[in-house]
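In what follows, every heavy atom counts, from backbone to side chain, and hydrogens, waters and symmetry copies are set aside.
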Amino acid sequence: MKADVVLAGVGGQGVLTVARLLAEAAAADGFHVVQGELHGMSQRGGAVQAHLRISDQPIESPQVPRGRAHLLVGLEPVETLRNIAWLAPGGRIVTAIRPVENVPDYPPIEQVLAALRRFPEAILIDAHELAVAAGSARAENLVIAGAAFSLLPLTRGKLRGIVRRRGERWTEAEREAAIQALAAGRAAIGGAAAVHD
Amino acid sequence: MTTTTHETAAPAAELMLGDDAVAFAALHAGIHNAYAYPGTPSTEIFARVIRETKDGGEVVAHWCANEKSAYEGAIGASLAGRRALVTMKHVGLNVAMDPFVNSALLGLGGGLVVAVADDPGMHSSQNEQDSRCLAEFARVPCLEPATPQEAYDMTREAFALSERCQVPVVLRLVTRLCHERARVRVRPAEPPKPLHKAGPRQDWVLLPANARRLFDGLLAEQPELRAASERSPYNRRTGGAGRRGVLTTGIGRRYLGEVLPEMREPPPHLHIATYPLPEALVRAFAADLDEVLVLEDGYPFVERSLRGLLPEACRVLGRESGALPASGELNVVNVRAALGLPALPLHEAAGLQLPARPPRLCDGCVHRDSYAAMLQVMQDTGIGAVTGDIGCYTLGALPPYQAIDSCVCMGASIGMAKGASDAGLRPAIAVIGDSTFLHSGIPPLVDAIAHDTDMTVLILDNETTAMTGGQPTELPDSRLLPVVLGLGADPAHVHVFQAHPRKVPELAALIRKEVAHPGLSLIVVRRECVQTASARRKHEG
């Protein structure tokens, strides 16, 4: 089993958190895990990218090679497109659709979403709306984490446990919203099959 | 028991950053002292050391004013017979260069390891210099791990090597390894070394007579350092037969490993992880080869050495020969091309121009007020020179402000403003952060005060080292003013301005007044960083 994942978004959206949650879930399942990320300049509202490699064999490159990702996970539609070269032929895209328009020349959102829909394996999720429904607008990244998780060959329920543990200092309502957000993400995937070699 | 305190701190299943692995290894190696100045991608090493030692124990871990003072602290620890870790980013080693090079001559007591994080590709740096060159320059060993596990193991090894050979040892890391999370197996901790002053004195006092003798000693030690490198189990010969070999260093090995399954047969492969270069090993490897391709992140360091080492009949390929790009990181794409494998087909975002999304100043950031005020002033005065420095405020170079003319190195803003003013380019304004000012801004301010240079220094004081994640500055911000006045700046032209978005016109008026003053003036613009303020509020509940 081998699953290569590239995650993208805007600094502050929680891309690195999603990468860490998925990595910890895979590690708890006993897989080899390598997760790479950049800190520093990328955190100030700029483009952020993280890599996650999961395998039952030892892992070589610390980054997913371009053109090899089974799964491209996006928290922001333009950032998802920016990283499209990482996606393998037939790879799957899971992306939130709400734009972060902190740049002057942001293209019309309909054009961005249309470009994403050209990929037949793309799953577009209104993660913001689902997060609000789950009880916290800030849980948008957890909706996407829930969606991405259910496309990986990992044990169901693992992610929930990890989020619960990380949320030890949250209020009960915050924890409940987080769990609901994960579930909403999972539901948004429908019956799509897991992606991996 | 101090010997077991840190052993339990890293559960087997925890995914560790490469940086974390270095921190745990140093703690398990029994360090007593640890010093650092933050710098991406090295910062998390020290953040981890601090987190693991904050609840007591004997380890003294301090952020420092700059890398030079951090390194000097580590030498002092070695004089006391204690093991010491000092961490920094690659350009930080330039700042620490003086004590670093000279420490190679000393009769070190406790092991001294300097973990240096290089940033090939310049993800958050001003250059992509290769610390292996600086280790060679100082004639000290350098270890280059390829995985977080090796980062752990080789850090442990580095302390032993440093003590055995009485030289500082460089641990060379790169961004992708620093910020890679993986599982790391840790080993039982060693007890710390007892306090035991190293001697004799003439091995520590670098008067010319001593220095000549000690430098000869360092040169005489080189064969032993090379022999240790030849013996190192981290240098491995693998792969198959054939006449075209591949030599890897650091994470180059892992890019080769990634594409090996696609090669018809594995090429002869030598991995080098220790320097000085194990020349005998390399010669033996290349004896039957027509060609060696070198995969190394950073400068063509090994590639160049091979040109003088191997017979001319053996072609050496790498970043200098043009087989790989001369700058930027290695990756699977350029390694594939160098090995002659076909490029992979890549998707494109057809028909859509994607906007660049550079990092930006946070909403509510105090620097926004400073730049807004500065731009107002310059509409009237014209732009002379606005010299910038290293930190979040460097983002003032980007739209919408585009307010600074230069960013060179830590502290350069003040010295450059003086030079520009001396040359006649006025108004000359230096823009520097509070932490950067303490790091390297004080000596050039001494010069500007001594000559009452016609320039204005803006210390943008957000009360933290923000860019690297909000480490505390070495001195509380209340001390900035006494420092500046103590150096002799004219109190009539030194101000502390408590910033607020509503007070931008007031700030502009103050800057306008001081820019008009034909001598040195200095304004501290103060408001807490929005990131640290929000983290503090969260912490305080």
Open item on the list: If you count heavy-atom pairs within less than 4.5 Å of chain B, which of Arg118(A), Gln111(A), His51(A), Arg68(A) leads?
Closed with: Arg68(A)
TODO: Identify which of Arg53(A), Glu79(A), Arg20(A), Arg169(A) forms the greatest number of heavy-atom pairs closer than 4.5 Å to chain B.
DONE: Arg20(A)
TODO: Please flag which part of Ala356(B) lies under 4.5 Å from any non-hydrogen atom of chain A: side chain, backbone, both or neither.
DONE: backbone
Task: Spacing of Ile59(A) atom CD1 and Thr147(B) atom OG1 [to the nearest 0.5 Å] - done: 12.0 Å
Task: Contacting region of Val112(A) [heavy-atom separation from chain B under 4.5 Å] - done: both
Task: Atom pair CD1/CG of Ile84(A) and Leu352(B) - distance to nearest 0.5 Å - done: 11.0 Å
- [ ] Go through Leu52(A), Leu116(A), Leu81(A) and name the one with the most non-hydrogen pairs under 4.5 angstrom from chain B.
- [x] Leu81(A)
Task: Closest non-hydrogen atom pair between Pro62(A) and Ile251(B), with its separation - done: CG-CD1, 4.5 Å
Open item on the list: Return the CZ to CZ distance between Arg183(B) and Phe31(A), rounded to the nearest 0.5 Å.
Closed with: 10.5 Å
Task: Any Val100(A) side-chain heavy atom under 4.5 Å of Arg357(B) side chain - done: yes
TODO: Sort out for me which of Arg253(B), His347(B), Gln353(B), Glu348(B) touches chain A most, counting heavy-atom pairs under 4.5 Å.
DONE: His347(B)
Task: Other residues, nucleotides, ligands: >12 heavy atoms within 6.0 Å of Arg138(A) CZ - done: no
TODO: First locate atom CD of Glu37(A), then atom CZ of Arg176(B), and finally report the distance between them rounded to the nearest 0.5 Å.
DONE: 10.5 Å
Task: Part of Val34(A) lying under 4.5 Å from any heavy atom of chain B - done: both
Open item on the list: Just checking Glu129(A): does its CD atom have more than 12 heavy atoms from other residues, nucleotides or ligands closer to it than 6.0 angstrom?
Closed with: no
- [ ] With a 4.5 Å cut-off on heavy-atom pairs, point out which of Gly36(A), Gly67(A), Pro65(A) contacts chain B the most.
- [x] Pro65(A)
Open item on the list: Is it the case that the side chain of Glu258(B) and the backbone of Ser61(A) share a donor-acceptor pair, with hydrogens and angles ignored and the cut-off at 3.5 Å?
Closed with: yes
Task: Interchain contact, Arg336(B) with chain A, by part (heavy-atom threshold 4.5 Å) - done: side chain
- [ ] Check for a donor-acceptor pair, side chain of Arg82(A) on one end and backbone N or O of Pro355(B) on the other, with a separation under 3.5 Å.
- [x] yes
TODO: Side chain from CB out, backbone as N, CA, C, O: work out which of these in Ala115(A) comes under 4.5 Å of a heavy atom of chain B, or both, or neither.
DONE: side chain
- [ ] Go through the atoms of Cys392(B) and report whether side chain, backbone, both or neither lie under 4.5 Å from a heavy atom of chain A.
- [x] side chain
Task: Val332(B) side chain near Gln63(A) side chain, heavy-atom distance below 4.5 Å - done: no
Task: Residue Ala88(A) versus chain B: region with a heavy atom under 4.5 Å - done: backbone
Open item on the list: With rounding to the nearest 0.5 angstrom, report the CD to CG distance, Glu24(A) to Leu15(B).
Closed with: 6.5 Å
